[in-house]
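Written out below as structure tokens is the structure these notes cover.
Numbers for residues simply follow the sequence, beginning at 1.
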Amino acid sequence: MNTIRLLALCLLAIPATALAAPASVNWVGHVALSPIGGHVLGNPAAPTKLVEYVSYTCSHCAHFVAEASQPLRERYVKGGKVSVEVRNAVRDKYDLTAALLARCGGAKRFFGNHEALFANQDAWMDKLTAYDKDGAARPADQKAALREIGRKTGLYALMARRGFTNAQLDGCINDPASMKQVLAMTDEAWNKVQITGTPSFTVNGTLVHGSDWMRLQAALPDAPQ
């Protein structure tokens with residue numbers, strides 16, 4: 001039997017599915033931590049790297065996340081051309097509480113927590129406003145104060161609906177590594193990148209002029225058709 005005929009017979013024995021082109025990777029499910037502690041969604045080797053600086057008490061951030069999350073995933077992240085990293089730019093103790101709670105459950109839970117906090121922002125911000133004005137004495141210890149904020153502003157209740165217990169949420173508030181990372185990202189945002197408000201964005205390290213989806217989209221590469 002000659003070599004060509006033998007090769008043909010071997011190919012016939014291989015299932016057709018094994019000869020099909022490999023399926024392209026869907027990068028939407030890939031989440032990793034960056035060195036500074038931000039959460040990166042998508043291909044870590046993406047040629048375009050978008051960084052979002054957000055504050056959980058920022059209504060413009062909530063609007064941006066509601067408007068931009070789906071198109072970013074479907075048109076840019078999914079195919080591996082763009083990665084999206086969320087970093088904190090904390091503005092106050094309430095924002096800090098939410099930022100620590102968003103990190104509960106590890107990297108795989110982050111984006112669900114992140115979007116739930118913004119989607120329910122109006123409800124917990126109403127409770128936060130009432131809490132801020134009630135004039136009651138507050139715990140002197142910082143972590144105890146943050147835990148009280150979580151319990152009395154609806155943040156713990158929101159996270160409970162996502163499957164977390166109060167003990168787990170307390171642990172997230174108390175985690176020194178998370179605190180260090182959130183504060184490091186905050187310092188970077190305001191003092192090094194020198195953002196002027198939230199949300200703010202960099203694309204491949206260059207600060208984008210504008211804080212809305214329309215201006216950000218103009219700074220991204222053309223989405224694949």
query: Step by step, would you call Met125 with Thr57 a side-chain contact (heavy atoms from CB on, under 4.5 Å)?
result: CA-CA 7 Å; Met125 282 292 289; Thr57 52; 4.0 Å; yes
field: Note, Gln217 side chain near Pro71 side chain (heavy atom, < 4.5 Å)
entry: no
field: Distance in Å, Ser83 OG paired with Leu41 CG, rounded so as to fall on 0.5 Å steps
entry: 8.5 Å
query: Can the positive tip of Arg138 be found less than 6.0 Å from the middle of the six-membered ring of Tyr131, inside 45° of the ring normal?
result: yes
- prompt: Can you pull the salt bridge (charged side-chain N to carboxylate O under 4.0 Å, His left out) pairs that have at least one residue in residues 190-216, sequence neighbours excluded?
  reply: Asp187-Lys192, Asp212-Arg215
- prompt: Is it true that Arg87 and Glu188 make a salt bridge, defined as a side-chain N closer than 4.0 Å to a carboxylate O?
  reply: yes
- prompt: Would you say Leu100 and Met159 are hydrophobically clustered, going by side-chain heavy atoms of ILVMFWY under 4.5 Å?
  reply: yes
- prompt: How long is the gap from CG on Leu216 to NE2 on His209, to the nearest 0.5 Å?
  reply: 13.0 Å
message: For the backbone of Ala144 and the side chain of Asp141, can you confirm whether one donor and one acceptor N or O come within less than 3.5 Å of each other?
response: yes
Pairs where residues 99-109 contributes a residue and the test salt bridge (charged side-chain N to carboxylate O under 4.0 Å, His left out) is met, not counting sequence neighbours: none
query: Looking at Trp27 and Gly79, what are the two nearest heavy atoms and their distance?
result: CD1-C, 3.9 Å
task: State yes or no: do Tyr53 and Tyr94 share one hydrophobic cluster built from I, L, V, M, F, W and Y residues joined by side-chain heavy-atom distances below 4.5 Å, directly or via other members?
output: no
query: Would you call Val31 and Val40 a side-chain contact if the rule is heavy atoms closer than 4.5 Å?
result: no
message: Test your reading of the model: is there a side-chain donor-acceptor pair from Ser55 to the backbone of Ala89, 3.5 Å cut-off?
response: yes
task: Ignoring hydrogens and angles, tell me if any N or O in the side chain of Asp132 forms a donor-acceptor pair with the backbone of Leu128 under 3.5 Å.
output: no
Kindly list each side-chain donor-acceptor pair under 3.5 angstrom involving residues 164-175, sequence neighbours excluded, with atom names and distances?
unit_1, atom_1, unit_2, atom_2, d
Thr165, OG1, Gln168, N, 3.1
Thr165, OG1, Gln168, OE1, 3.4
Gln168, OE1, Thr165, N, 2.9
Asp170, OD1, Arg151, NH1, 3.3
Asp170, OD1, Arg151, NH2, 3.3
Asp170, OD1, Tyr156, OH, 2.7
Asp170, OD2, Arg151, NH2, 2.9
Asn174, OD1, Arg147, NH1, 2.7
Asn174, ND2, Asp170, O, 3.1
Asp175, OD1, Ala177, N, 3.0
Asp175, OD2, Ser178, OG, 3.2

message: For Val90, is there any backbone N or O sitting under 3.5 Å from a side-chain donor or acceptor partner on Asn88?
response: no
Residue pair Leu50 / Tyr76, side-chain heavy-atom distance below 4.5 Å: no
Minimum side-chain heavy-atom gap Thr202-Thr206 below 4.5 Å: no
- prompt: Do any N or O atoms from the side chain of Trp124 and from the backbone of Leu117 form a donor-acceptor pair under 3.5 angstrom?
  reply: yes
task: Determine the minimum heavy-atom distance between Val182 and Ala99, stating which atoms define it.
output: CG1-CB, 4.1 Å
- prompt: Would Leu183 and Phe110 show up in the same hydrophobic cluster when neighbours are defined by side-chain heavy atoms closer than 4.5 Å?
  reply: yes
field: Residue list, disulfide bond (SG atoms under 2.5 Å apart) with Cys58, at least two apart or on another chain
entry: none
Residue pairs passing the ring-ring contact (aromatic ring centres under 6.0 Å, His included) test where at least one lies in residues 174-203, sequence neighbours excluded: Phe64-Phe201
message: ring-ring contact (aromatic ring centres under 6.0 Å, His included), that's the test. Do Tyr56 and His114 meet it? Break it down for me.
response: CA-CA 8 Å; Tyr56 288 105; His114 170 77; 5.6 Å; yes
- prompt: Hey, what do you get for CG (Asp92) to CG (Leu96), rounding to the nearest 0.5 Å?
  reply: 8.5 Å
- prompt: Do Val54 and Val84 sit in the same hydrophobic cluster, where Ile, Leu, Val, Met, Phe, Trp and Tyr count as joined when their side-chain heavy atoms come under 4.5 Å apart?
  reply: yes
For Ala46 against Gly80, the heavy-atom pair lying closest together: CB-O, 3.4 Å
message: Strictly distance-based, threshold 3.5 Å: is any side-chain N or O of Ser34 a donor or acceptor partner for the main-chain N or O of Gly38?
response: yes
task: Calculate, to the nearest 0.5 Å, the distance between atoms CG and NZ belonging to Asn43 and Lys81 respectively.
output: 9.0 Å
message: For Asn26, give me all partners under side-chain hydrogen bond (donor to acceptor under 3.5 Å, both in side chains), at least two apart in sequence or on another chain.
response: none
query: Going through the distances and angles, do Trp213 and Leu72 end up as a side-chain contact (heavy atoms from CB on, under 4.5 Å)?
result: CA-CA 10 Å; Trp213 173 229; Leu72 270 173; 3.8 Å; yes
- request: Evaluate the side-chain proximity of Val203 to Lys49: yes if any heavy-atom separation is below 4.5 Å, no if none is.
  value: no
query: Is the number of heavy atoms from other residues, nucleotides or ligands under 6.0 Å of Lys152 NZ greater than 12?
result: no
- prompt: Taking it one step at a time, do Thr97 and Glu148 satisfy side-chain contact (heavy atoms from CB on, under 4.5 Å)?
  reply: CA-CA 10 Å; Thr97 304; Glu148 181 179 272; over 6 Å; no
- line: Value for NZ (Lys127) from CD1 (Ile149), rounded to nearest 0.5 Å, stands at 15.0 Å
- request: Answer whether the closest heavy-atom distance between the side chains of Ser211 and His60 falls below 4.5 Å.
  value: no
message: I'd like to know whether NZ of Lys78 has more than 12 heavy-atom contacts from other residues, nucleotides or ligands below 6.0 angstrom.
response: no
field: Smallest separation among heavy atoms of Ala219 and Val208, with atom names
entry: CB-CG2, 4.0 Å
message: Testing the basics here: between Val86 and Phe111, what is the closest heavy-atom pair and its distance to 0.1 Å?
response: CG2-CE2, 3.6 Å
query: Nearest 0.5 Å, what's the NZ-CG distance between Lys143 and Leu146?
result: 9.0 Å
query: Which is it for Arg162 and Asn113 under the side-chain contact (heavy atoms from CB on, under 4.5 Å) test, yes or no, and what are the steps along the way?
result: CA-CA 8 Å; Arg162 293 189 50 74; Asn113 295 339; 2.6 Å; yes
